[in-house]
Structure formats: structure tokens, C-alpha cells
Amino acid sequence: MDETNALIEQRKAKLAALRARGLDPFRNKFSPSHTCAEARTHYVEGLSVAVAGRVTAHRDMGKSLFLDLRDGSGRIQIYAQKNVVGDDAYDLLKHLDLGDFLGVRGTLFTTRTGEISVKAMECVLLAKALRPPPAKWHGLEDTEIRYRQRYLDLIANPEVKDLFLKRSQIIRTIRDFLHSRGYVEVETPILQPIPGGAAARPFKTWHNALGCEFYLRIALELPLKRLLVGGFDRVFELGRTFRNEGISRRHNPEFTMLEAYQAYGDYETMMELVQSMIVHVAQTVLGTLRLEHRNPEGRVVRTIDLTPPWPRVRYKDLVRERAGSDWFDLTPQQRRERALQWGAEIGPDYEDFEVTQAVFEKLIEPTLIQPVFVTHLPKELIPLAKLSPEDPSTVEVFELCMNGQELAPAYTEQNDPIEQRERLEHQAGGERQKLDEDFLVALEHGMPPAGGMGMGIDRLCMTLLGQESIRDVILFPQLRPRAPAGGSARPATPAPGSQSTPERPQPETSREDG
RNA sequence: GGGUUGGUAGCUCAGUCGGUAGAGCAGCGGCCUUUUAAGCCGUUGGUCCGGGGUUCGAGUCCCCGCCAACCCA
């Protein structure tokens, strides 16, 4: 990114020329009276307006010229005549570059071809752009630039910007929905001495002053349950979680998760909550319950119908339906063989329930396009849930599946501290240090019966917005860091076996305590 | 981790059999006072991802590496 080229040199020369004329190419302030969109919607012939934005097109007619000005609201055309703005200002406009920010004072009028425009009286350069923008109408295609320099993607591809605005609305609508149901939003630690609430590899870091390791959280569950103990009866957190695992179309190392807990609820309470919430979000943000997913050519490849109620099916019934009605009558060895025949990945050390789960993930989940609540999962899969009284080999759990992936698990939360300890110890497989004793102590103080749910917000956005890659719903997806320009090919790697950064004085920041 | 495809001008892309590096847009200069992918004339611009090899000669063929997308694990 340190490279330079003729285009940049030209722009820097223009910058120097402006300064030589006594003009400040980077103004501190310009106060628009209207946004670009407002100037158009509030149109009155002859109305004085001040607008500001980025120059996105430049049509020079000789002694007059047209500019397109774009701000966050939209676009408006500027018309400038040499004999109106004067020679100096006209010269400035003539040599503007695409990407520069400009403030314009003038009056509204309609051109011969019917476009609402601002007839410029006064023009002020607000910020000079030293690098050229991506192509005008091709958009920006290069995925690497799109992800690494998202701002260019947002400038060049309006549909990308629209998508991220929708993501923002989705998250806002979720918050509003939960608040309307009496939920309290909280923030709990990202740095945790013991990562819990899920089975995933954590990121590790080091606290210098305390001289100990911390992990970035892999789930929100355990702190939120402590709050149930503390009397927050309806509580949620919407925040970033981190998993130190592979990066793929469906996985980013940091992702946004929602977890919500409701005292005196159970998994069926959460089923109603999740269904109502997603229906409400789709209706509010998209105005429809029919989600049409299109391929890059624009053809509809998949339609998801969110009309409630969503069907429920028991895990075992679903497995029998897809993997053979005799599936649970087989011996573990026979199950293993059949799973391999189906092409599921079976590790040599897989336990029997994991074999079934591999079949579920490989064979069944990808086919679940329409929303469905898969209930009563094997108890081994979810040690934080309560057993089902009807079938104690299963737990009171549902997985909401749609769009071929798991979107939201929820369950009746385990609140028996002794039972909970046994289940966690069994899962930890003897690694006692992984047990969150502090959480168990909290449970021993008494946790009300409760329902809880978790939801991957990125996956929800993919489903609602019809995106096939998680990178297209995360503004700055994780990529391998670029090699330093002109330097050695590889970025600096930490010493083998050490994930912690060496002790180093923190730079003083001036904003923090101002 | 494995496979496939790709990386050429600021952007979008061509580049034939191995023989002087191309287009459109953007840029620069000129003309034009209602254009809107403005138009017309002229014109600049290249670490062909990096390194090595084969060859008289490599964007092109071979090897190694980097980055990305997709598929698989």
C-alpha cells in the first residue's frame, strides 16, 4: 500500500498547487443545510441550499460543468457556470478529482432533462482525495480489495452498502424486540480465565499486570447464567465471540452472537421467542417472510418461507427418516460402518453419539432449508441442558435449522449444581482445570429454572440477506495479514509454542481519559 | 491440511504457437454554458504477484513461494 504511481503524484501536485494559492484542501468544517437526498425531496425552485459530499462524476462542458455529489443519503447533481462562480472557483471545480469532498452553496433548479440540481454560487473544497477511486460503473470486483479495503467496496458497490445498512437494522430490530419483552441488555467479560459455554478452541492472551493468561470468550452463556442467579430474570447480550478454528465461507474467527435467558421459561418458551423474533425482524427489515436467495446471475436458487408456525421434529425421528428407520437398533459398530458409507467424517476416537451427530451434520443439516426446530438432541451433545422427562437419553433442547445450517440452539437450562458438575466433568474428560468452578459455585447459590437461547447473528444475516459467504455480512472479515510491502515475504511469526505477546509498555492514549 | 481457478495500467479485462505490452473507463492537454456511462480531438501511464529455471528470446513453458476465491477434509 506504500506504492505510488502517476495518478497519485498528479493529485499530490494538485494539492500543492491549491496550497500555493492559499486554499486549505482539508477544511475543518462545512455545515450543510440539507443532505443530498433532502435537497431533492424538499425541492422548491430557487430554494437556497448548502450540500456537501464526495464528487463521483464530473462532466465538463467548457464554460459550465456538472458534478455528481454523493453523501450518506444519496446523490445530487451540481451545475456550475463560470460567469456565476467566478474564475478562481471555476478553476477549482475544473480540476477536482473523483473522490474529492466538496461543499456547495447555491439554489435548487431543474435541468432541461428534468433532473433536480443545485446551481452553484459558492464551492469549497472540503477534503482532497489523493488516491483514485475504483471504476465508475464496473464496480469493484476484486474480492481481496473488497474485503481488505471495505471502504472502497462500499463506495463502488451501492448494493454492498445497502446490505450492511440492513445488517445494522437487523441488529437494532433484535434489540428493540428483546427490550419490548422486558429483557435487559448486559455486557460481560470477553477476557475470561476459563473459556466455557461451548466446545471450541479459544484464543489465548496474556495480562501483563496480573501475570496470567486469559482466553477470549467462546460463548456468552456462563456469565449470563450468573446474572440469572443474581436476579436478572430476562437478560441478553449481543456481542463478539471468538473461536480459534478454521476460516471458511461459514466461519469467521470472530463473530457476533446473541444469547438470551429467561427465568421461569424453558426450551419451548425460547422456541416461541426465536420464532417471533425472526419473523418480526424479517417483516420489519425486509417487509416479507419469503426470502429469495439468488445466484450471481440473479436467478432465484432457493426460497425460504418463514411463515409460522415452524415445524418441530425430534432429532431421532429425523435421523431415522434420513439414515434408516433401524438406525438406533444397530450396534455402534454397524452405525459407524453405515455412516462411513454415507460419506460422513468419522474420527477413530468418535463415541457412538458423535457418529450419529456426524451423520446429522453431513447428511441432514444441509437439506434443512425451510425453518425447522430439531428437538430432543442426545444428552451427551449439550451438557448445560436439562434432561427430558419423557426420554432421559435426550435433553430439552432445540436447534433451529434453516438455509442448510444450524442457526439457533436453545434449551431448558440445567440448574441442578450437582448434576451440572457431573455433566461438565464428564465432558471435560478429567481435565479438571477446564472446569469453571466459579460458575458451579454460582449455581449452588440457586438458579431459577430458565430457558436460554443462542443465535449466530452473522448466519442469521446470511439467511435473511441471501448471502452465501459470511465474509459478505461482516464488514471486515478476517484475512491473512498482508506481507509488509517491500519486506520479507512472511509476516513476523511468534516464537514456537508461544501465543502470548512479549511484555511491552502500552502506548499512552490521549482519548481514553479526556 | 489437500485440490481447482485466478493474480497483466488506478478500475474492468484481452493477450493467439514462446518473438516490440493491449482495449474501455479513469488520468493529462485541447474544444464545447443544461450534461448525466456527456461528446469530439490528442495523449500519458506497466515490478505482467515474488523468486528461480529452460531458451537466442518468457506475461506465455517448468519449479518453489505469496495472496485470494471456490471445493474437499
Side-chain angles (χ1 to χ4, degrees), chain A residues 1-14 17 36 40 55-70 74-87 90-91 93-100 106-120 129-149 152-153 155-157 245-251 295-296 340 343-348 358 361-362 366 467-472 477-491 493:
Chain A
M1 218 68 64
D2 299 330
E3 90 290 355
T4 189
N5 63 48
L7 296 175
I8 295 172
E9 288 310 313
Q10 278 166 2
R11 285 171 179 238
K12 285 185 175 166
K14 286 182 180 180
C36 293
R40 288 154 66 105
V55 176
T56 57
H58 189 267
R59 295 179 288 279
D60 185 349
M61 314 289 300
K63 293 188 178 60
S64 72
L65 57 79
F66 293 90
L67 299 171
D68 286 349
L69 214 59
R70 211 169 89 190
R75 186 199 77 100
I76 194 164
Q77 179 171 263
I78 308 298
Y79 180 55
Q81 295 163 299
K82 189 171 186 179
N83 61 356
V84 172
V85 299
D87 289 357
Y90 196 76
D91 187 64
L93 294 176
K94 220 174 162 56
H95 294 99
L96 280 176
D97 287 307
L98 296 185
D100 291 352
T107 55
L108 292 177
F109 78 110
T110 307
T111 64
R112 202 181 276 169
T113 52
E115 173 149 358
I116 292 173
S117 307
V118 178
K119 188 170 287 183
L130 295 181
R131 289 174 184 264
K136 191 159 54 178
W137 64 83
H138 287 297
L140 180 65
E141 303 279 335
D142 185 317
T143 50
E144 195 172 346
I145 298 178
R146 286 190 49 225
Y147 295 149
R148 286 193 198 277
Q149 293 175 272
L152 295 178
D153 191 26
I155 291 169
N157 300 319
E245 290 169 358
I247 296 180
S248 78
R249 224 161 44 93
R250 293 188 165 185
H251 298 88
N295 65 9
L340 287 169
E345 312 150 26
I346 308 295
E361 284 175 0
K362 169 94 182 181
Q467 298 302 308
E468 298 298 315
S469 170
I470 198 168
R471 296 181 194 98
D472 291 321
Q478 204 59 249
L479 300 183
R480 187 181 291 275
R482 270 173 61 110
S488 62
R490 293 189 70 86
T493 48

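Convention: sequence-line order gives letters A, B, ...; per-chain numbering from 1.
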Could you tell me how far apart [X] ([atom1]) and [N] ([atom2]) are, to the nearest whole angstrom?
| X | N | atom1 | atom2 | answer |
| --- | --- | --- | --- | --- |
| A:Ile145 | B:C67 | CD1 | C1' | 12 Å |
| A:Asn295 | B:C70 | CG | C1' | 15 Å |
| A:Glu245 | B:G1 | CD | P | 15 Å |
| A:Arg131 | B:G10 | CZ | P | 11 Å |
| A:Ile247 | B:G2 | CD1 | P | 16 Å |
| A:Lys14 | B:G27 | NZ | C1' | 8 Å |
| A:Leu140 | B:U12 | CG | P | 5 Å |
| A:Arg146 | B:C11 | CZ | P | 15 Å |

Check whether any side-chain N or O of [X] sits under 3.5 Å from a backbone N or O of [Y] as a donor-acceptor pair, and report yes or no.
| X | Y | result |
| --- | --- | --- |
| A:Arg40 | A:Arg75 | yes |
| A:His58 | A:His95 | no |
| A:Asp100 | A:Ala129 | yes |
| A:Asp97 | A:Leu130 | no |
| A:Arg148 | A:Leu479 | no |

Under the 3.5 Å rule, do the base of [N] and the side chain of [X] count as making a donor-acceptor pair?
| X | N | answer |
| --- | --- | --- |
| A:Gln81 | B:U33 | yes |
| A:Ser64 | B:U34 | no |
| A:Arg59 | B:U35 | yes |
| A:Asp60 | B:U35 | no |
| A:Glu115 | B:U34 | no |

Could you measure the distance from the [atom1] atom of [X] to the [atom2] atom of [Y]? Nearest 0.5 Å is fine.
| X | Y | atom1 | atom2 | value |
| --- | --- | --- | --- | --- |
| A:Arg59 | A:Tyr79 | CZ | OH | 12.0 Å |
| A:Ile470 | A:Arg249 | CD1 | CZ | 10.5 Å |
| A:Ile76 | A:Leu108 | CD1 | CG | 6.0 Å |

Complementary nucleotide of [N], counting Watson-Crick and G-U pairs under 3.5 Å:
| N | value |
| --- | --- |
| B:A21 | none |
| B:U16 | none |
| B:G6 | B:C67 |
| B:G27 | B:U43 |
| B:U54 | none |
| B:G1 | B:C72 |

Worksheet item: Where each residue is assigned the nucleotide of RNA chain B containing its nearest heavy atom, which of A:Lys94 and A:Asp142 is assigned the position nearer the 5′ end?
Response: A:Asp142
Discussion item. Taking the nucleotide of RNA chain B with the nearest heavy atom to each, does A:Phe66 or A:Arg471 sit closer to the 5' end?
Written reply: A:Phe66
Interatomic distance at [atom1], [N] relative to [M], whole Å:
| N | M | atom1 | result |
| --- | --- | --- | --- |
| B:G50 | B:G45 | C1' | 23 Å |
| B:G30 | B:A23 | C1' | 23 Å |
| B:G46 | B:G10 | C1' | 12 Å |
| B:A21 | B:A58 | P | 11 Å |
| B:U8 | B:G42 | P | 29 Å |
| B:U55 | B:C62 | P | 16 Å |
| B:G7 | B:G51 | C1' | 16 Å |
| B:G59 | B:G3 | P | 27 Å |

Worksheet item: Just wondering, do A:Ile346 and A:Lys362 contact through their side chains at under 4.5 Å, heavy atoms?
Response: no
Discussion item. Just N and O in the side chain of A:Lys63: are any of them under 4.0 Å from OP1 or OP2 of B:C31?
Written reply: no
Worksheet item: Side chains of A:Tyr147 and A:Asp472: donor-acceptor distance under 3.5 Å anywhere?
Response: yes
Looking only at the side chain of [X] (C-beta and beyond, no hydrogens), which of the listed nucleotides [options] gets closest?
| X | options | value |
| --- | --- | --- |
| A:Ser117 | B:U35, B:A69, B:C70 | B:U35 |
| A:Asn5 | B:C13, B:G10, B:A38 | B:G10 |
| A:His95 | B:G29, B:C70, B:U35 | B:G29 |
| A:Lys362 | B:A73, B:G10, B:U34 | B:A73 |
| A:Thr143 | B:A68, B:C28, B:C11 | B:A68 |
| A:Leu7 | B:C67, B:U33, B:A26 | B:A26 |
| A:Tyr147 | B:A69, B:C70, B:C28 | B:A69 |

Identify whether any heavy atom of [X] sits under 4.0 Å from a base atom; if not, whether one sits that close to sugar-phosphate; answer base, sugar-phosphate or nothing.
| X | value |
| --- | --- |
| A:Asp68 | nothing |
| A:Tyr90 | nothing |
| A:Thr111 | base |
| A:Leu65 | nothing |
| A:Arg249 | sugar-phosphate |

With 3.5 Å as the limit, what N/O pairs link the protein to nucleotides 3-8 of chain B?
none

Worksheet, complete the sentence: Taking every heavy atom of A:Ala120 against every heavy atom of A:Val84, the minimum-distance pair comes out as O-CG1, 3.5 Å
